[in-house]
Amino acid sequence: MHKYRLISKKGEGTFSEVLKAQSIKNGKYLAIKCMKNHFDSIDQVNNLREIQALRRLSPNPHIIKLYEVLYDQPTGRLALVFELMDMNIYEHIRGRRHYLPEPRVKAYMWQLIKAMDHMHRNGIFHRDVKPENILITDEVLKVADFGSCRGIYSKQPYTEYISTRWYRAPECLLTDGYYGYKMDMWGVGCVMFEVLALFPLFPGTDEVDQINKIHNVLGTPPQAILDKFKRYASHMDFNFPPKEGTGIAKMVPHISGDCADIIEKLLAYDPEERYV
């Protein structure tokens with residue numbers, strides 16, 4: 001860390017904090033992600049999914065650039081040095097009074113979908129697509145925070161915690177870890193809605209409330225789809241009351257029909273029918 005001058009704290013999560021820093025050598029500003037966990041060896045560091053994913057996905061214009069891995073063997077401390085972006089999407093829309101122009105939102109979403117396509121083609125899915133993990137500078141968007149990512153071909157069920165509840169796809173909520181890379185596209189749909197509407201689409205207070213909020217908008221899915229999920233579920237009561245659902249367009253009357261249609265395709269309840 002002696003190569004960098006620490007300037008301020010940018011943010012903090014469960015497993016890390018992010019600092020704004022300046023390179024002493026060239027004066028360039030950077031973001032340094034300091035891990036809270038301690039690591040026993042450089043092999044353990046190199047086996048971290050986040051580092052492996054970033055190395056596999058780089059370089060790409062829509063994936064955050066990892067410049068350097070700083071590991072201090074005596075203390076077991078680890079820090080990752082990234083390019084610095086201006087803000088995340090949540091910060092961009094928080095407290096905003098006026099809608100963002102639709103062409104700009106479309107440009108952001110095109111870049112986000114390009115990032116997902118690149119990840120999925122390279123065998124990685126993110127598992128935590130949300131406004132806080134999508135960074136922007138001017139008109140450029142990049143996906144960050146690969147701490148929850150998995151390999152597309154890794155074995156189901158996936159057991160550990162994934163994705164912030166509000167952006168969690170039905171297959172993640174209803175099954176015991178039987179989901180795949182298409183869950184990322186559900187997250188993209190939720191983000192697209194939020195950037196256009198300036199409020200979250202499904203702000204559930206717990207998993208049951210989350211499903212209810214999804215059904216209030218999209219309607220209760222056909223029994224055949226629920227039966228498909230039920231085969232892989234043990235923790236959820238599937239006796240959902242039939243609901244019509246308000247649909248997306250009514251919630252954001254200011255957006256074009258095309259935009260509403262894309263969101264609805266991204267939010268197909270059955271992952272097999274989801275826009276990818």
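Note: hydrogens, waters and symmetry copies are ignored here, and every other heavy atom, side chains too, is used.
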Report summary line: In this structure, CG of Asn133 is separated from CG of Asn88 (nearest 0.5 Å) by 8.0 Å
Query raised in the report: Testing Tyr181, Phe125, Tyr153 for ring pair (Phe, Tyr, Trp, His ring centres under 6.0 Å) with His120, which one passes?
Result: Tyr181
Query raised in the report: Checking side-chain contact (heavy atoms from CB on, under 4.5 Å) against Leu66, which of Val69, Ile63, Ile64 comes through?
Result: Val69
**Report entry** Salt bridge flag under 4.0 Å for residues Asp117 and Arg121
**Finding:** yes
Query raised in the report: Are more than 12 heavy atoms from other residues, nucleotides or ligands located less than 6.0 Å from atom CG of Asp138?
Result: no
Report summary line: Tightest non-hydrogen contact, residues Ile211 and Phe240, listed as CG2-CE2, 3.6 Å
Query raised in the report: Would Lys130 and Thr164 count as having a side-chain donor-acceptor pair, cut-off 3.5 Å?
Result: yes
Report task. Answer yes or no: does atom OH of Tyr232 have more than 12 heavy-atom neighbours from other residues, nucleotides or ligands under 6.0 Å? Result -> no
Query - SB check Lys228 Glu272 (cutoff 4.0 Å) - result: no
Query raised in the report: Are Lys265 and Glu273 ion-paired here, with the side-chain N under 4.0 Å from a carboxylate O?
Result: no
Requested in this report: Identify whether the distance between the nearest side-chain nitrogen and carboxylate oxygen of Glu17 and Lys10 falls below 4.0 Å.
Outcome: no
Query raised in the report: Got a second to check how far Ile263's CD1 is from Asp258's CG, nearest 0.5 Å?
Result: 11.0 Å
Query raised in the report: Heavy-atom count around Lys106 NZ within 6.0 Å, excluding the residue itself: above 12?
Result: yes
Requested in this report: Please check if the distance between the ring centroids of Phe202 and Phe193 is under 6.0 Å.
Outcome: no
Query raised in the report: Which value, rounded to the nearest 0.5 Å, describes the distance between Lys20 atom NZ and Arg5 atom CZ?
Result: 9.5 Å
Report task. State which residue, out of Arg55, Lys33, Arg56, fulfils the salt bridge (charged side-chain N to carboxylate O under 4.0 Å, His left out) condition with Glu50. Result -> Lys33
Report task. Could you please spell out the steps behind the side-chain contact (heavy atoms from CB on, under 4.5 Å) verdict for Glu68 and Tyr4? Result -> CA-CA 12 Å; Glu68 193 178 4; Tyr4 302 99; 2.5 Å; yes
**Report entry** Donor-acceptor pair between Gln210 and Arg165 side chains, under 3.5 angstrom
**Finding:** no
Query raised in the report: Hydrophobic clusters join Ile, Leu, Val, Met, Phe, Trp and Tyr when side-chain heavy atoms are under 4.5 Å apart, directly or via other members; which others share one with Tyr29?
Result: Ile7, Leu84
Just list the side-chain donor-acceptor pairs under 3.5 Å for residues 109-116, sequence neighbours left out, or say none.
| from | atom 1 | to | atom 2 | distance (Å) |
| --- | --- | --- | --- | --- |
| Gln111 | OE1 | Leu141 | N | 2.9 |
| Gln111 | NE2 | Ala107 | O | 3.3 |
| Gln111 | NE2 | Glu139 | O | 2.8 |

